[in-house]
There are 2 protein chains.
Amino acid sequence: MQALTFIKSNKWEIIMRDSNRPSLEDVAALAGVSTASISRCINSPQKVAEPTRQRIQNAIETLGYVPHFGGRALARNRTNTIGAIIPTMDNAMFASGLQAFQETLSAAGVTLLVGSSNYDPDQEFDAIRSLLSQGADGLLLIGAARPEKTQAFLTQHAVPHVLAWCCPKTGHSPSVGFDNQKSGHDIAAHVLAHGHRKLAVICGLREGNDRATARVVGIKQAIASQSDAQLLGLEECKYSFEEAGAAFAQLLTGPEKASAVICGSDVLAVGALLQARKMGLRVPEDISITGFDDISLAQVTTPSLTTVRVPQHSMGRKAAEVLLALLNQEPGQNLRHELMTTIIDRGTLARI
Amino acid sequence: MQALTFIKSNKWEIIMRDSNRPSLEDVAALAGVSTASISRCINSPQKVAEPTRQRIQNAIETLGYVPHFGGRALARNRTNTIGAIIPTMDNAMFASGLQAFQETLSAAGVTLLVGSSNYDPDQEFDAIRSLLSQGADGLLLIGAARPEKTQAFLTQHAVPHVLAWCCPKTGHSPSVGFDNQKSGHDIAAHVLAHGHRKLAVICGLREGNDRATARVVGIKQAIASQSDAQLLGLEECKYSFEEAGAAFAQLLTGPEKASAVICGSDVLAVGALLQARKMGLRVPEDISITGFDDISLAQVTTPSLTTVRVPQHSMGRKAAEVLLALLNQEPGQNLRHELMTTIIDRGTLARI
DNA sequence: CTGAAAGCGCTAACAA
DNA sequence: TTGTTAGCGCTTTCAG
């Protein structure tokens, strides 16, 4: 395609343009104003007289003008883009929080860049660098634990970021999340209150995963505080039905049988539930199982899962708000938001 | 913070720089070479002599230099960013395809921008404009049906894009997906082959959703081709357990009862299943239910769901590959990839 | 193999 | 209210 374009030399020429994309200058020429006015008209319309605005608008529309991202980013030194790095979108654990995050951003005219870490600190570091090099103005990160290297990078580059799914008491990062340890404690206490004394735990791989770690700490704490209770076993595995099933089977291998298995995630709990059924165990008559997260899986199993509800949606929304406020330098913001989890009693926890 | 910077005027000065971010010029000064060499060293290292390369590398590292996104995007007129617009990440239907898409992109050094449409053509249009204005080099779009306005925009701006979750026979857009109509036909034929003759259907809102529409067309076709079979009712609703449950109840309202309910999505099927249980109906003894998608929900219900498996993962990966090839102008690419769906027989379809 | 310099498209300070 | 103009940081011919 060919386009009529205004050249620096002040003459009109027919030249090749990449897919005919009009520039500010084209619009300016057509509207008979300077490029500055166009820019103003786009970025602060009130600074431009109504009739001019009209003409410019027309020119923009007839040309189908869209501001060039690179030019704008270069001039403003800001991209209006925010990155989120989550372990994976593959399980519903983060997906709906991310959805809320994205919607809130989008409403504020900010676009979401997504990277994933697969629960691997190195991959997370790469993703951070990658998203930053793509111009992300700020970052959403899951959890608070990361290697020194990553921390240093974050502070060295003064990356605006908020932590989600956690609410660290130490550190200076803004956060929107919940107390994993307390929630772990709560669900374990709940199980104990149902009369269970021989417990077992299935949790995700804890290395580098502070949420999984904290939940277990909380669970252990609750068990320890009940003198006649004991933790018969603890299995770590990936977040898959299969691995959780294997972990569950392993747990039932010992001489003493647990009456309840507390799981660090619904995915693990469902894996355990499926395996229990496979082994001919009735839940919760023969064994109780609890989950964590309250993703949609939890309500469709039979019996449905007693679990801990994590306010994913409000967490995602709030995280976006905090990050946005951070980027806009809004003062007086509360930088640490602790949300509450609640225990959802359904059918997998028996009273004994 | 203050930084030592090389100024056009050729003298050294102490000046203020935004958060001390080093530029190419800083690196050049420190390494004692021109900015061009740095640029080369980064983008095509083989074009630079080994010793120089070393010095430059050092300079880059000691300064912690990261190329500025805007500058690069402006000069190259390319962002290395691809946008995906999906109805929602909230349900697992798209999340894992998106995850595969992202991973493949990431491996190629391309970053993913995410927008969502909520199944609304207008929102999709906005998202397209938004992602494009954020510099997306290409787009992943779900389904083939969109308003004239959107189509026109896409062609006018010559937006490289690939369609997923569908494989339209018409139109010029590259696509990676499966035949929704055929898959709908297949599952219905499968149900018929099990002896069912009185059928009902629950599907998603079909307006603007070609996947949902095509699936129903296929289902109807299969039913029509079996002379003694009849479609007793069809309900449309949103993809939620609640709405699907209501639709299911509505379907069982008439004088004649269906022996099988074919659902356009696992979410709908699970909603129906839950409702059936609530109504005291045994599945599949009293009524059969089938799903579509084979998301993880499908394997955890009791009984687990007979459904159609959609190859989400390979679809996401392949879509990324096609889009990447498109952007790199790689010739001789096959631009229409039809993947196969398979029926997964589990426990919700009875033989009668 | 390396350097000089001309932009890429847009914004914002300064003038008018 | 509008225009002029100097960059923003990087890539890329074109010379050397």
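Below, chains carry the letters A, B, ... as their sequence lines are ordered, and counting in each starts from 1.
Rounded to whole angstrom, the span from the CG atom of B/L74 across to the P atom of C/dA6 amounts to 17 Å. D/dG9 atom C1' lies 10 Å from atom CG of B/D26, rounded to whole Å. Atom CZ in B/F69 sits about 15 Å away from atom P in C/dC10, given to the nearest Å. If you take CD of B/E25 and P of C/dA4, they are 11 Å apart, rounded to a whole angstrom. We find that CZ of B/R21 is positioned 14 Å from P of D/dC8, with the value rounded to whole Å. Between the P atom of C/dA12 and the CG atom of A/N77 lies a distance of 11 Å, rounded to the nearest Å. Taking atom OH of residue B/Y65 and atom P of nucleotide D/dC10, one finds them 3 Å apart after rounding to whole Å. The CZ-P distance, from B/R40 to C/dT2, rounds to 8 Å in whole Å.
Comparing A/H68 and B/R53 along DNA chain C, the residue whose closest nucleotide (by nearest heavy atom) sits nearer the 5' end is B/R53.
For A/A145 against A/D210, the heavy-atom pair with the smallest separation is N-OD2, 3.3 Å.
Residues A/F69 and B/F69 bring their aromatic ring centres within 6.0 Å.
Nearest nucleotide to the side chain of A/S23, out of D/dG3, C/dG3, C/dG9: C/dG9. The side chain of B/A75 lies closest to D/dT11, out of D/dT11, C/dC10, D/dT2. For B/S34, counting side-chain heavy atoms from C-beta on, the closest listed nucleotide (C/dG9, D/dC10, C/dG3) is C/dG3.
A sub-4.0 Å separation between OP1 or OP2 of C/dT2 and a side-chain N or O of B/T52 is present. At the phosphate of C/dG3, OP1 or OP2 sits under 4.0 Å from a side-chain N or O atom of B/S37. Remark: B/R76 is not in phosphate contact with D/dC10, judged by side-chain N or O atoms under 4.0 Å from OP1 or OP2. Proximity of B/T35 to the phosphate of D/dG9: no side-chain N or O atom is located under 4.0 Å from OP1 or OP2.
Judged purely by atom type and a 3.5 angstrom limit, A/N334 uses its side chain to pair as donor or acceptor with the backbone of A/R336.
Across all strands, B/S39 comes closer than 4.0 Å to base atoms (heavy-atom distances). B/A36 comes within 4.0 angstrom of a base, heavy atoms only.
Between the side chains of A/D90 and B/Q99, no donor-acceptor pair of N or O atoms lies under 3.5 Å. A donor and an acceptor atom, one from each side chain of B/H337 and B/S175, are nowhere located under 3.5 Å apart.
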